[in-house]
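Note sheet for the following structure.
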Amino acid sequence: MSEVPAPGRRLLDSGRRWRLGSLFAASAVLTLGEGSLLVLVGPYLDEVSLPEGMIGLVMVWYGVGALISRFWSGAIYRTSRAPKMIGLSCGAMALAYLALPLVSHPIGLAALLMLNGAGYAVATTSGFAAVADRHPVNGNAGSVMGWYTGATGAGYALAGFLAGPLADEVGIRPALMMVAVLPALAGVLLAWILRRSRGDTRPTGADEPRTALQAFRRAPSPVWVSFFVAFYISLVNGGLFTFFPIHALAIGLTLTQVGVMAGVHGTTAAGIRFLSGPIFRFVDYRRVLPVAVVINGLALMSVSASGSFLLLTGAWGLIGLTRGVLRVASGALVIDSADESDRGRGVASTIYLAGLDVGKILGPLLTGITAEVLGLPPTFAVIGAVFVAIYFIGTRRIDRKTASAET
């Protein structure tokens, strides 16, 4: 006879699902704010008369701040510290949003973007590790990552529809200051939810690494593969979101149209993330990774081939669709491969999301240099091919090292 769960157990499971869902929703508020900044920051830097190369150099510091903060936040991460870490980091982001429109000098802009990047890195490292902490034992990692990354993708999707029209209506500077409320609200919500859900965390593995350095050395090779997936995603987004709005304005499109394209990108990314849980029950997500990278690169290359709003929107939608698949698959890879220890989860989260930070450093920089040499229209075709090559070279090196270590 099958065992019938006790009513109390059902209530507990239902409560855990509600708290996990609330965590996903609050994470969407955070990415709604960050996505709005991504839509607005490129045009704002152009508005204060920075050339393309300088824009790329200024944007680099966003990734530098994120990368530095990512490593120390992952090293010190503990479940008990997560609410405070997220609350303070979201407050730093809100401060950077408010101050950015008051500054026009490249050094000041770089410093504020660095502060924002640092805050976002701490918040997302802690948030991802907190989701891994609360992932049900023997649960479907693909499904959990589908819902989590779907929620964060939904925030980015709404940002495109919010930030572009808002900037066209009130101006870029007031729009930047108005969206500062979003990271502040996210910080309050996330800290409150994490405190309420402390009892939902998974048991810690018995073999806890003694030091953060030992935890980094012990990280499994699939976690490093996920690093390269995140790195590729961020290379594409860093170049596309920073420079495409400038290109779009130059060919006669409006910020509202740019916002719609960014919104379509986010919508397709979020939609496939929510569907990917059931999909990955039948398809091995590891096999999907290289195919999605190639399709993503081809879609990015096509941006150089047209000035049509409809065709460009289609390309953005395809880029978002493949990005969504890559985020879910790589996140599931981390959850399935990470050490079952408090520190191990924090370090795996750090390695994975550090790929996003390195991409944020190199994406705008490489795209800006290419644009200075070739001009903006052909730039997207060039970086589309080069970034795909970088991904395959990096993952091939990991495969070789893993094979040699096993022999």
Side-chain angles (χ1 to χ4, degrees), residues 37-64 104-106 109-110 113 160 163-164 167-168 172 231-265 293-320 322-323 358-391 393:
L37 179 73
L38 289 175
V39 171
L40 299 173
V41 68
Y44 176 65
L45 296 179
D46 184 57
E47 186 178 89
V48 296
S49 302
L50 297 186
E52 284 88 351
M54 182 59 71
I55 290 173
L57 186 59
V58 167
M59 287 298 296
V60 160
W61 291 97
Y62 177 101
V64 170
S104 58
H105 194 280
L109 291 167
L113 287 171
D168 278 338
I172 296 174
F231 177 46
Y232 170 78
I233 290 170
S234 194
L235 276 175
V236 172
N237 263 36
L240 190 64
F241 274 89
T242 301
F243 289 99
F244 181 80
I246 301 170
H247 170 63
L249 293 174
I251 63 175
L253 301 178
T254 66
L255 277 178
T256 295
Q257 289 175 311
V258 173
V260 168
M261 282 183 258
V264 169
H265 171 281
V293 167
V294 171
I295 295 173
N296 185 278
L298 291 173
L300 178 59
M301 293 172 69
S302 74
V303 169
S304 288
S306 175
S308 163
F309 171 64
L310 289 179
L311 292 177
L312 288 170
T313 302
W316 273 73
L318 187 55
I319 292 169
T322 47
R323 172 188 167 88
V358 178
K360 286 172 185 174
I361 294 170
L362 295 181
L365 183 61
L366 294 176
T367 308
I369 292 171
T370 306
E372 287 278 2
V373 175
L374 302 178
L376 274 174
T379 291
F380 302 105
V382 173
I383 64 173
V386 171
F387 291 171
V388 170
I390 289 172
Y391 167 80
I393 290 169

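Keep in mind it's a predicted model, so treat the numbers as computed, not measured. For the numbers below, each heavy atom of this structure counts, side chains included, while hydrogens, waters and symmetry mates do not.
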Worksheet item: Given the rule in the side-chain contact (heavy atoms from CB on, under 4.5 Å) test, do V41 and M59 qualify, once you have shown the distances and angles that lead to the verdict?
Response: CA-CA 9 Å; V41 68; M59 287 298 296; 4.1 Å; yes

Worksheet item: When rounded to the nearest 0.5 angstrom, what is the spacing between CH2 in W61 and CD1 in I361?
Response: 9.0 Å

Worksheet item: Nearest 0.5 Å, what's the CG-OG1 distance between L376 and T370?
Response: 10.0 Å

Worksheet entry | Nearest atoms (heavy-atom pairs only) where Y232 meets N296 | OH-OD1, 2.8 Å

Practice prompt. Could you check F231 against Y391 for side-chain contact (heavy atoms from CB on, under 4.5 Å), going step by step and ending with a plain yes or no?
Written response: CA-CA 8 Å; F231 177 46; Y391 167 80; over 6 Å; no

Fill in: Rounded distance [0.5 Å steps], CG in N237 versus CG in L300
9.5 Å

Item to complete: Please list, chain by chain and in numerical order, all residues satisfying ring-ring contact (aromatic ring centres under 6.0 Å, His included) with W316, sequence neighbours excluded.
Response: F241, F244, H265

Worksheet item: T367 side chain to P364 main-chain N or O, any donor-acceptor pair under 3.5 Å?
Response: no

Discussion item. If you define the side chain from C-beta out and look only at heavy atoms, does anything of I55 sit under 4.5 Å from I246?
Written reply: yes

Response to the item:
In short, A262 meets V39 closest at the heavy-atom pair CB-CG2, 4.1 Å

Fill in: Residue pair P378 / G375: nearest heavy atoms and the distance that separates them
CD-O, 3.4 Å

Worksheet, complete the sentence: Separation between CD1 (I172) and CG (D46), nearest 0.5 Å, reads 8.0 Å

For residues 248-256, please give each side-chain donor-acceptor pair under 3.5 Å, one per line with the distance, not counting sequence neighbours.
{"residue": "T254", "atom": "OG1", "partner": "T256", "partner atom": "N", "Å": "3.4"}
{"residue": "T254", "atom": "OG1", "partner": "Q257", "partner atom": "N", "Å": "3.1"}
{"residue": "T256", "atom": "OG1", "partner": "D168", "partner atom": "OD2", "Å": "2.3"}

Practice prompt. Please lay out, stage by stage, how F243 and T379 fare under the test side-chain contact (heavy atoms from CB on, under 4.5 Å).
Written response: CA-CA 10 Å; F243 289 99; T379 291; over 6 Å; no

Worksheet entry | Between CD1 on residue I369 and CD1 on residue I383, distance to nearest 0.5 Å | 12.0 Å

Worksheet entry | T242 (side chain) donor-acceptor with G42 (main chain) under 3.5 angstrom | no

Fill in: Least distance between heavy atoms, A381 atom then M301 atom
O-CG, 3.4 Å

Item to complete: Using the side-chain contact (heavy atoms from CB on, under 4.5 Å) rule, take L50 and L109 through it: C-alpha gap first, then chi angles, then the decisive distance, then the call.
Response: CA-CA 11 Å; L50 297 186; L109 291 167; 4.0 Å; yes

Discussion item. Please report the interatomic distance OG(S234) to CG(L240), rounded to the nearest 0.5 Å.
Written reply: 11.5 Å

Worksheet item: What are the two closest non-hydrogen atoms of L318 and A299, and how far apart are they?
Response: CD2-CB, 3.8 Å

Practice prompt. Could you pull out the closest heavy-atom pair between A163 and L40, with the gap in Å?
Written response: O-CD2, 3.7 Å

